[in-house]
Participant: 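Before I ask anything, here is the structure I am working with.
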There are 2 protein chains.
Amino acid sequence: MECTEKTASEKAEPLVSSRGEGGRSAASRAQILASAAKLFREQGYVATTLRQIATEAGIQAGSIYYHFASKDDILIEVLDAGIASVSNAVRARVANLPPTATHRERIRAAVLGHLLGLLRHGDFSSASIRTYGQISVALKKRHRPIREDYARLWDEMIENAQKAGEIRADIPAKTMRLYLLGSLNWTVEWFNPRRGGVQALSENICDLVFDGISPEAGPLMKC
Amino acid sequence: MECTEKTASEKAEPLVSSRGEGGRSAASRAQILASAAKLFREQGYVATTLRQIATEAGIQAGSIYYHFASKDDILIEVLDAGIASVSNAVRARVANLPPTATHRERIRAAVLGHLLGLLRHGDFSSASIRTYGQISVALKKRHRPIREDYARLWDEMIENAQKAGEIRADIPAKTMRLYLLGSLNWTVEWFNPRRGGVQALSENICDLVFDGISPEAGPLMKC
DNA sequence: CTCGTTCCAAAACAAACGTTAGATAGAGTA
DNA sequence: TACTCTATCTAACGTTTGTTTTGGAACGAG
């Protein structure tokens, strides 16, 4: 609202860290982000207080403003980092496939990458998924490009697989992507690491995504 | 916190409505609930203000307390009504099936009932699903019984179908239920009624749930 | 008309929120 | 030693939150 210019601002770009990359304060910044991600994931954005984040990070509430301009700015960074995390996990797994891999194998690798990235290194990506639905349109706008990038990655994989006849083509690719990512994303709502491993669960869900709940080779299958 | 006893409380149970079922104030009560459900669905619980609810309902913020004891109490009623709504929709559709219906047909009816109940008469059920993840454990505890009832309905259907060999049995029923309901629930995050009908989408998703993204009659698997 | 009940508006309440301002301790530099 | 910059604390600001209090229309019963 107000024009908040510093009284004496000679340097136009103060730059985040004073010296080098691993600046002394960079650790604090990272700590704040990690604490925020954890709390956002558990309680959502609005329910999480700057004082909670500060306590979790071992500092005082006001000190946060040395590193971030606002609570919204913290959210944006957590959101972006979360999507980037799973996006990188997926791209890495797909890129590691041999060139002879089928489209189905690429999708399978992507599903596993998405799930593992979500359930393992969880706070940022889980926070990203769980809070996205409850933020203002202004915040969504700032975050949208990264999300659309990731969506495009899936759309291309699905469309290519459809054209190659490796997955069904009677359902729009976009519907398929929304359904597919939704199935994966919802796991963060109920997954409990103490109850069964991530790997086993991920493969179960992968099977369900590909073949549904129908029996593999039904003895009395209708034709 | 404080002991808030009315100064002169002769009647132990004032009862909600003074006269009959359709009391004069029952309409206001319902209006408050409807407004709250709509806002909870759109913004989440914490982000929704009592003053917003009041404005939406056409009354004053303080007046809400004539009908409800607290904001939490409103949430609980919205949550319960939401689950009850889809639960009834599902039970009705399943009950309307002929006695000769297979387990697969029962599950298909349930899936459609869940989706249609969710996407059509949406505010209460959508609010219930979207806010459940962000409320305190105390609130969850009050709401849990109704939710578990509904979960049990699905578990029984799935287990019966597994025993009959009509759906795959190589994946735990509980995992299957969580995956299945998750896929359906996530639709409220992206469904847009202006872009395609509810019925068509529901059947697409139903197909995906049953047969996955694999082609219907694949090159490998012919009937 | 009078009384009691029902329903709600108006205004205020304390607590908590995001945010800002000023002071301060410590490290580096000259 | 004196000065500067960095990173933080302390304390407060104004606003908004859920909630409470008070008072008074509206209305039916006697």
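These numbers were taken from a predicted model, which means no experiment stands behind them. Just so it is clear: chains get the letters A, B, ... in the order the sequence lines come, proteins before strands, and each one is counted from 1.
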Participant: Would you say B:Tyr65 reaches D:dT19's phosphate, i.e. side-chain N/O to OP1/OP2 under 4.0 Å?
Facilitator: yes
Participant: Would you kindly give the CD1-to-C1' distance between B:Ile64 and D:dT21, to the nearest whole Å?
Facilitator: 16 Å
Participant: Measure CG/B:Asp73 against C1'/D:dG18 and give the value in whole Å, please.
Facilitator: 13 Å
Participant: On the nucleotide C:dC8, are OP1 or OP2 found under 4.0 Å from the side-chain N or O atoms that B:Tyr66 carries?
Facilitator: no
Participant: Can you tell me how the ring of A:His114 sits relative to the ring of A:Trp154, calling it parallel under 30°, perpendicular over 60° and tilted otherwise?
Facilitator: perpendicular
Participant: When you measure from the centre of the six-membered ring of A:Phe210, is the NZ or CZ of A:Arg104 closer than 6.0 Å and no more than 45° off the axis?
Facilitator: no
Participant: Can a cation-pi geometry be assigned to B:Lys71 and B:Tyr45, taking NZ or CZ under 6.0 Å from the six-membered ring centre and within 45° of the ring axis?
Facilitator: yes
Participant: Rounded to the nearest Å, what distance is computed from the CD1 atom of residue A:Ile59 to the C1' atom of nucleotide C:dA25?
Facilitator: 16 Å
Participant: By the 4.0 Å heavy-atom rule, please label B:Leu50 as base, sugar-phosphate, or nothing.
Facilitator: base
Participant: In this structure, how many angstroms lie between the P atom of D:dT17 and the OH atom of B:Tyr45, rounded?
Facilitator: 13 Å
Participant: Return the nearest nucleotide to the side chain of B:Arg51; candidates are D:dA12, D:dC9, D:dT19.
Facilitator: D:dT19
Participant: Which of the following nucleotides, D:dT19, C:dC8, C:dG18, is nearest to the side chain of B:His67?
Facilitator: C:dC8
Participant: Quick one: is C:dA9 close enough that its OP1 or OP2 comes under 4.0 Å of any side-chain N or O from B:Ser63?
Facilitator: yes
Participant: Of the non-hydrogen atoms in A:Gly113 and A:Val90, which two are nearest, and what is the gap between them?
Facilitator: C-CG2, 3.9 Å
Participant: Check every atom of C:dC17, D:dT8, D:dT19 against the side chain of A:Ser28 and return the nucleotide holding the closest atom.
Facilitator: D:dT8
Participant: Is the backbone N or O of B:Arg41 less than 3.5 Å from a side-chain atom of B:Arg130, with the two atoms forming a donor-acceptor pair by type?
Facilitator: yes
Participant: Rounded to whole angstroms, how far apart are CG on A:Asp72 and P on C:dC17?
Facilitator: 16 Å
Participant: Determine: side-chain N/O of A:Gln60 to OP1/OP2 of D:dT8, distance under 4.0 Å, yes or no.
Facilitator: no
Participant: In this structure, how many angstroms lie between the C1' atom of C:dC8 and the CZ atom of B:Phe68, rounded?
Facilitator: 15 Å
